[in-house]
Visitor: 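Shown below is the structure under consideration.
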Amino acid sequence: MASVHLVGSGGRAELRPVDINDSAAVTALAVDVRADLVVIGPEAPLVAGVADAVRAKGIAVFGPSGAAAQLEGSKAVAKEVMIAAGVPTADARTCSTRAELAAALDTFGAPHVVKDDGLAAGKGVVVTGDRAVAVEHGASVLAAGHRVVVEEYLAGPEVSIFAITDGTVGRPLLPAQDFKRLGDGDTGPNTGGMGAYTPLDWAPPSLVDDVMAAVVEPTLAEMSRRGTPFAGLLYVGLALTPAGPKVVEFNCRFGDPETQVVLAMLDSPLAGVLYAAATGTLSGAAPLVWRDGAAVTIVVASAGYPAAPRTGDPISGADGPGVIHAGTRLAADGSLVSSGGRVLCATATGASLAAARDAAYAVLDSITLAGSQHRTDIAAAAVAGAVRIPS
Ligand code: AMP
Ligand code: GLY
């Protein structure tokens with residue numbers, strides 16, 4: 001399938017059609033435009049080793065090797081690395097048969113956490129109190145030829161911490177909170193993420209330093225020890241449990257939609273730090289500078305998302321500031337239509353989280369998309385001072 005790749009040219013982006021999972025095609029394009037730096041966004045090309053192929057041509061790449069991207073590509077590999085590195089995470093069993101699945105569900109009890117071992121675009125995880133639903137999901141993953149990971153349930157607010165790394169040195173970005181469930185009050189199915197905000201004024205002030213020391217640094221050391229150093233963006237998804245932060249997942253790329261708010265707060269030029277990470281020179285790079293205040297983003301998803309997103313619906317009011325497009329395209333008549341599940345994000349900054357939240361919802365109010373879905377409670381609990389780490 002042809003995808004679209006952006007190549008910057010003098011401040012404006014130029015669209016070049018290329019299959020982003022095709023190493024040879026991406027490499028040829030990078031050579032053709034004489035790229036100084038290639039930034040590979042999604043997990044699929046990273047897991048497919050596109051970064052290795054481009055790097056082999058002597059071009060700087062921000063993004064891990066295919067082997068290192070297994071931290072996201074396989075939940076079982078991620079668990080092995082975490083255990084070897086002493087990183088706090090949920091206890092888990094990897095299952096290859098229905099009998100192993102049943103035994104693991106009994107071991108951990110409800111709520112059940114059942115995951116597809118392979119890449120599933122954020123939709124391979126079911127968290128349920130209903131054993132029959134857990135069995136059904138696990139069986140469907142096994143039927144697709146993948147292993148199933150069953151985990152201990154982690155209670156507590158979730159946070160996402162991104163570290164830019166050159167394989168040795170890690171630099172954290174601002175922590176953010178994502179909203180994974182489709183519906184208000186964290187109801188409905190898991191999605192890729194329905195909104196986000198940063199910073200997290202309710203979190204312990206030492207959170208980021210603690211996670212760098214307990215998670216990021218040991219993980220980087222373990223990946224180097226294995227001969228698969230991780231250079232790129234290490235996304236640490238955490239639950240802040242009564243026993244401290246525990247890793248829910250690693251991703252090998254910027255998270256969506258947390259990136260929309262984290263980068264809205266970044267004052268330093270992004271390309272410089274990505275280039276330093278890509279060339280193993282992060283220790284000498286200038287410290288990142290952050291803006292004051294807060295940022296909020298709200299995802300507008302299409303009708304039917306996440307199970308069966310409807311596409312081709314007309315969109316209006318989406319050309320103002322603060323609208324970040326994702327699943328949109330221009331139709332033959334030049335009008336804007338939806339082309340994916342998560343269609344766009346309404347993003348705003350403000351002097352306070354409350355101001356940023358109001359401004360983001362004001363951006364959203366001007367957008368129309370038939371049948372669209374969005375949450376009305378993004379950042380609401382944080383504004384109300386109601387986010388609590390269970391004790
Ligand atoms: P993952 O793809 O592993 O990030 O899982 C997606 C979402 O499922 C997470 O963001 C959590 O909301 C939830 N989840 C995953 N693992 C657990 C766990 N062990 N305990 C509680 N919730 C979980
Ligand atoms: N927001 C979750 C993710 O990017 O995987």
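All ligand and atom numbering here is 1-based and tracks the order in the structure. These numbers come from the heavy atoms of this one structure, side chains and all, not from hydrogens, waters or symmetry mates.
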Visitor: Is a side-chain donor-acceptor pair under 3.5 Å present for Glu258 with Ser160?
Guide: yes

Visitor: Of all the atoms in ligand 1, which lie at a distance below 4.0 Å from a heavy atom belonging to Tyr153?
Guide: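 By the 4.0 Å cutoff, the relevant atoms are 20 (N), 21 (C).
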
Visitor: Does any non-hydrogen side-chain atom of Phe108 lie less than 4.5 Å from one of Glu151?
Guide: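 In short, these two side chains do not touch, never coming nearer than 4.5 Å.
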
Visitor: Just to check, does Tyr235 reach to within less than 4.0 Å of ligand 2 when the distance is taken from its heavy atoms?
Guide: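 Yes, that is the case, since the closest heavy atom of the residue is under 4.0 Å from the ligand.
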
Visitor: Using a heavy-atom cut-off of under 4.0 Å, does the side chain or the backbone of Val113 touch ligand 1, or both, or neither?
Guide: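 The part of Val113 near ligand 1 is the side chain, not the backbone.
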
Visitor: Give yes if a backbone or side-chain nitrogen or oxygen of Leu154 is under 3.5 Å from a nitrogen or oxygen of ligand 1, and no if not.
Guide: yes

Visitor: Under 4.0 angstrom from ligand 1, any heavy atom of Lys75?
Guide: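 Yes, Lys75 has heavy atoms under 4.0 Å from ligand 1.
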
Visitor: Show the atoms of ligand 2 that are less than 4.0 angstrom away from any heavy atom in Arg253.
Guide: 3 (C), 4 (O), 5 (O)

Visitor: So if I count the atoms of ligand 1 from 1 in the order they appear, which ones are less than 4.0 Å from some heavy atom of Lys115?
Guide: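 Near Lys115, meaning under 4.0 Å from one of its heavy atoms, ligand 1 has 3 (O), 15 (C), 16 (N).
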
Visitor: For Tyr275, is the OH atom crowded, meaning more than 12 foreign heavy atoms sit under 6.0 Å from it?
Guide: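 No, the 6.0 Å shell around OH holds no more than 12 heavy atoms from other groups.
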
Visitor: With side chains defined as the heavy atoms from C-beta onward, is the minimum distance between Glu72 and Phe250 less than 4.5 Å?
Guide: no

Visitor: Is there any N or O on Gly192 that sits under 3.5 Å from an N or O of ligand 2?
Guide: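 So ligand 2 has an N or O lying under 3.5 Å from an N or O of Gly192.
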
Visitor: Same cluster for Tyr235 and Val262 if Ile/Leu/Val/Met/Phe/Trp/Tyr side chains link at under 4.5 Å?
Guide: yes

Visitor: Which ligand 2 atoms, with their elements, are less than 4.0 angstrom from a heavy-atom of Lys180?
Guide: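 Close to Lys180: 2 (C).
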
Visitor: Name the option, out of Val149, Asp186, Val125, that contains the heavy atom nearest to atom 6 (C) of ligand 1.
Guide: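 The nearest heavy atom belongs to Val125.
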
Visitor: Under 4.0 Å from a heavy atom of Asn251: which atoms of ligand 2 are those, numbered in the order shown and with their elements?
Guide: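 Numbered from 1, ligand 2 contributes 5 (O).
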
Visitor: Please check if atom CG in Asp267 has more than 12 non-hydrogen atoms from other residues, nucleotides or ligands closer than 6.0 Å.
Guide: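 For Asp267, atom CG is crowded (more than 12 foreign heavy atoms under 6.0 Å).
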
Visitor: Would you mind telling me if ligand 1 is within reach of the side chain of Arg181, the backbone, both or neither, using heavy atoms under 4.0 Å?
Guide: neither

Visitor: Could you list which atoms of ligand 2 come closer than 4.0 Å to a heavy atom of Asp178?
Guide: 1 (N), 2 (C)

Visitor: Return the orientation label for the Phe179 and Tyr197 ring planes: parallel under 30°, perpendicular over 60°, tilted otherwise.
Guide: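 Rings of Phe179 and Tyr197: tilted, 30 to 60°.
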
Visitor: Answer with yes or no whether the side chains of Asp333 and Ser335 bring together a donor and an acceptor at under 3.5 Å.
Guide: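 Asp333 and Ser335 do have a side-chain donor-acceptor pair below 3.5 Å.
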
Visitor: Counting heavy atoms not belonging to Asp186, are there more than 12 under 6.0 Å from its CG?
Guide: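 Enclosed.
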
Visitor: Should the heavy atoms of other residues, nucleotides or ligands under 6.0 Å from CZ of Arg98 be counted, would the total exceed 12?
Guide: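 Check fails, neighbour count at 12 or below.
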
Visitor: Can Gly255 be said to touch ligand 2, with heavy atoms closer than 4.0 Å?
Guide: yes

Visitor: Do any N/O atoms on Asp256 end up under 3.5 angstrom from N/O atoms on ligand 2?
Guide: yes

Visitor: Counting heavy atoms only, which part of Asp178 comes closer than 4.0 Å to ligand 1: side chain, backbone, both or neither?
Guide: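 For Asp178, there is no contact with ligand 1 at all, from either part.
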
